[in-house]
Amino acid sequence: MNEKYQKPYDATTVESDIYTMWEKSGYFNPDNLPENATGERAENYSIIMPPPNANGRLHAGHGTDMTLKDIMVRYHRMAGKKALFLPGADHAGFETQGVFEKKLQKEGRSRFGMDRDDLYQEIYDFVMENKHAMESDLKQLGISCDWSRNTFTLQPDVVSRVQDTFIKMHEDGLVYRGKRSIHWNPKFQTSLSDIETKFEQRKDPFYYFQYGPFVIGTARPETKFADKYIVVHPDDKRYAQYKHMQEFEVEWINGKIKATLIKDEVADMEMGSGAMTITPWHSQVDFELAEKYDLPMEQIIDWDGKLLPIAGEFAGTKIHIARPQIVEKLQEKGLVVEIDHDYEHAVRLCERTGVVVEPQIKDQWYVKMGPLAEMTLKSLDNGDYRFITKQHEKIFRHWMENPIDWNISRQIVWGIQIPAWFKGGDITVSKESPGEGWTRDPDTFDTWFSSGQWPLMTLGYPDSKDMEYYPTSVMETGADLVFKWVPRMIMFGLYLRKEVPFKDIYFHGMVLDARGVKMSKSKGNVMSPIDLAQNFGTDATRMAFVVANPPGADMSLSEDKVRAYKKFANKLWNITRFILSNTEDFDYAAYDKNLLTKTEAELIEKSQELKAQIGSDIENYRIHLASEKVYHYVWDTLASSILEACKDDLSGDDDTAKARKQYLLLALLRDSLVMLHPFMPFITEEIWKDFPLADKNLLIVHPWQ
RNA sequence: GGGCGACUAGCUCAGUUGGUUAGAGCGUUUGGUCGACAUCCAAAAGGUCACAAGUUCGAAUCUUGUGUCGCCCACCA
């Protein structure tokens with residue numbers, strides 16, 4: 001018996017060597033799989049890794065995410081499939097730029113005023129460093145992905161093909177340039193899509209102002225300088241005496257103005273006085289109303305969040321400073337009717353940075369979502385793809401049934417530049433300059449525009465041989481991506497390839513701490529999968545991620561749980577020690593298994609049955625059950641029951657009885673190693689190295705059956 | 001305002017299609033072992049499976065309602 005079994009199992013000393021061994025074997029690349037695994041009838045099995053953002057290390061969510069997929073891939077590889085797990089990294093446009101700008105800020109610098117190419121290069125270097133760290137994290141977790149196919153969203157061929165998609169969509173009328181109301185982040189100087197923003201309940205003063213014969217309510221007095229239209233509901237009896245489009249003279253902030261009444265159903269009779277004035281440039285609702293009645297639109301707040309000259313004496317003042325001053329002035333003019341200090345409303349913030357978003361009007365590129373959403377729903381109805389976590393299907397459908405055109409322009413450099421050119425009022429869409437006098441659109445694509453094409457781009461769409469792996473087998477990702485990522489991949493897949501990029505969609509929940517609380521840096525309850533792996537072993541960490549973690553639900557993670565599986569790893573190690581030390585004089589290959597008693601033969605059969613069951617559980621996404629079953633089998637059945645029952649014969653004088661038990665235990669241990677491998681790849685491979693029943697090949701490609 | 005989910009042992013959670021005494025990890029108590037076990041083994045205490053009604057031979061599991069908590073969506077001036 002190898003001396004290593006004299007000591008308890010020490011994960012840290014074996015793990016990195018084993019990973020290197022796997023990499024050297026080339027088996028992560030399905031092209032290299034041995035004959036027995038890729039015979040003529042071998043099918044493809046493929047998973048595209050949701051590319052982690054290349055701006056930081058892996059967190060516990062990634063750990064769960066990657067482990068679940070790795071279990072699926074490892075199982076299918078052993079089951080004889082050509083299994084591909086394709087890794088990559090996402091440049092994560094705005095998010096990365098935000099992270100990078102914080103870094104600049106710490107250094108007392110700012111991106112504004114920096115040369116575009118210099119800035120890009122600096123972020124690129126910063127990202128590459130993080131990307132390498134992230135990749136070493138994946139290796140630490142034992143993720144068996146094919147590094148030879150590693151892809152980054154900003155590598156030249158991906159950039160070029162993503163731009164091609166835009167050009168094609170432009171030709172097909174699916175993208176357009178429009179001057180519409182956008183979500184503007186004044187601090188980071190870029191527009192955002194709807195899903196990049198969030199709401200926060202806030203308590204702000206709500207003001208009632210006298211506006212001619214009306215009392216209007218607003219929480220934003222600073223936008224009201226140019227309000228020349230007042231809106232009431234057509235059925236509002238309080239205003240029945242006034243006519244639609246009737247004009248009034250109104251004494252307002254900076255003197256007399258002419259105002260016009262509009263009767264439209266958007267006005268809420270229940271809200272305040274039922275009358276409101278509109279500011280199309282700085283409100284989405286008002287913008288839509290202005291478009292409907294073809295009203296003029298005027299900018300009041302500039303791109304930095306300061307008031308423009310239209311605000312008169314307040315010009316150049318930041319809005320939060322100007323607000324009380326404006327109210328004071330209105331008070332002096334006797335126009336303040338009432339102030340409600342208990343008013344609660346939802347304020348729209350930038351999801352990433354928490355900056356209050358200012359609606360602005362700006363020319364941007366939009367994807368027309370209607371036809372794409374329709375395609376996507378039709379395909380779902382056809383059963384082309386399915387949700388393993390049914391609860392997400394409803395959410396998904398609801399979102400798809402109400403598509404909002406997608407703003408894909410971002411005013412940042414960190415991304416794929418939009419292939420569009422301007423000259424005067426003309427626009428040309430192409431990768432090359434159309435000629436003299438044209439200037440390139442400086443904007444880049446929303447990051448989801450490229451990651452939405454990820455399955456296609458990584459597999460070399462349109463014409464690479466790797467497209468044989470398309471569509472992929474399953475998309476397993478976090479539930480927070482149910483809108484952001486998954487629908488876009490389906491839409492692009494259907495649009496470009498006429499086929500959804502995956503058959504099954506499986507969402508895992510959030511990883512919470514030991515008390516069921518969401519992990520966050522500010523709470524200090526963040527658990528790093530890398531730290532866990534280094535302290536307790538990767539195998540133990542992987543088990544803790546998946547046991548009792550059913551599809552679609554949040555899970556809570558504790559060190560105690562990881563520790564329990566560290567003990568399990570050691571238990572397996574000792575089972576091996578015991579069996580090997582008791583079978584050193586035994587020749588397994590030469591033994592006639594017909595000599596086994598019926599009971600003994602049945603034990604082997606049962607273990608085979610369990611193996612088949614574990615396989616079927618993995619295929620059907622019951623990994624939370626599969627992992628628990630194999631755990632209990634090894635501990636309670638193999639160790640506590642069978643092994644204990646064998647002890648007498650092993651130390652007894654009856655040589656034939658002893659031989660039977662030796663055969664039995666070796667056979668059962670082999671099955672256990674196979675069954676455990678997808679979950680606990682390191683320790684099982686380590687044991688396999690000098691296991692008497694191992695074939696010449698690595699356990700990673702040992703046939704499941 | 002709409003939707004989704006959860007409510008099972010002290011804590012964190014499993015429980016695939018309804019089927020015998022409801023499970024795990026951690027924690028607690030008792031005893032044993034330390035010649036496979038940086039430990040392990042045996043055993044114990046602890047649950048009216050949120051509440052109510054219904055379907056059924058039978059419900060933690062299906063239906064309806066109530067309560068509590070959490071999450072998501074939404075153009076609340």
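Below, each value reflects all heavy atoms present in this structure, side chains not excepted, and no hydrogens, waters or symmetry copies. Residue numbering restarts at 1 for every chain, and letters A, B, ... go by the order of the sequence lines.
- Contacts of Glu628(A) with the nucleic acid, taken as non-hydrogen atoms under 4.0 Å apart, involve only primed sugar atoms and P, OP1 or OP2.
- Regarding Asp194(A), its CG atom lies at a distance of 16 Å from the P atom of rC72(B), rounded to whole Å.
- Because its NZ or CZ atom is both nearer than 6.0 Å to the ring centre of Phe578(A) and within 45° of the ring axis, Lys647(A) counts as a cation-pi partner of that residue.
- Looking at the side chain of Trp635(A), the nearest of the listed nucleotides rC26(B), rC41(B), rG15(B) is rC41(B).
- With P as the reference atom, rC72(B) and rC40(B) are 40 Å apart, rounded to whole Å.
- Contacts of Arg348(A) with the nucleic acid, taken as non-hydrogen atoms under 4.0 Å apart, involve only primed sugar atoms and P, OP1 or OP2.
- The same atom, C1', is picked in rA22(B) and in rG58(B); the two are 15 Å apart, to the nearest Å.
- No cation-pi contact links Arg670(A) to Trp688(A), judged by a cut-off of 6.0 Å to the six-membered ring centre and 45° from its axis.
- Distance check on atom P: rU63(B) versus rG25(B) gives 32 Å, rounded to whole Å.
- Using a 4.0 Å heavy-atom cutoff across all strands shown, Asp268(A) reaches at least one base atom of the nucleic acid.
- Comparing the C1' positions of rC13(B) and rU17(B) gives a spacing of 22 Å, expressed to the nearest Å.
- To the nearest whole angstrom, the two C1' atoms, one in rA14(B) and one in rA6(B), are 14 Å apart.
- Heavy atoms of Lys7(A) sit nowhere under 4.0 angstrom from any nucleic acid atom.
- At the heavy-atom level, Gly274(A) lies under 4.0 Å from base atoms of the strands shown.
- Nucleotides rU68(B) and rA74(B) place their P atoms 26 Å apart, quoted to the nearest Å.
- rA45(B) and rU29(B) are spaced 7 Å apart, taking the C1' atom of each and rounding to whole Å.
- When Watson-Crick and G-U wobble pairs are counted only if both distances are under 3.5 Å, rG5(B) pairs with rC69(B).
- Nucleotide rG47(B) forms no Watson-Crick or G-U wobble pair with any nucleotide shown, as no partner meets the under 3.5 Å limit on both distances.
- Look at the P atom in both rU48(B) and rC11(B): the space between them is 13 Å, to the nearest Å.
- Base pairing of rC40(B): its partner is rG32(B), meeting the Watson-Crick or G-U wobble criterion (both donor-acceptor distances under 3.5 Å).
- rC13(B) is paired with rG23(B) under the Watson-Crick or G-U wobble criterion, all donor-acceptor distances under 3.5 Å.
- A distance below 6.0 Å separates the ring centres of Phe209(A) and Tyr207(A).
- Ring centroids of Tyr239(A) and Phe214(A) are separated by less than 6.0 Å, placing the two rings close together.
- In this structure rA74(B) sits in no base pair that meets the Watson-Crick or G-U test at under 3.5 Å.
- Residue Ile278(A) is classed as having no contact, given no heavy-atom separation below 4.0 Å to the nucleic acid.
- Residue His632(A) is in sugar-phosphate contact alone, with no base atom involved, counting any heavy-atom pair closer than 4.0 Å across all strands shown.
- Listed nucleotides: rC4(B), rC75(B), rA36(B). Nearest to the side chain of Val285(A): rC75(B).
- Aromatic pair Tyr229(A)/Tyr293(A): centroids not less than 6.0 angstrom apart.
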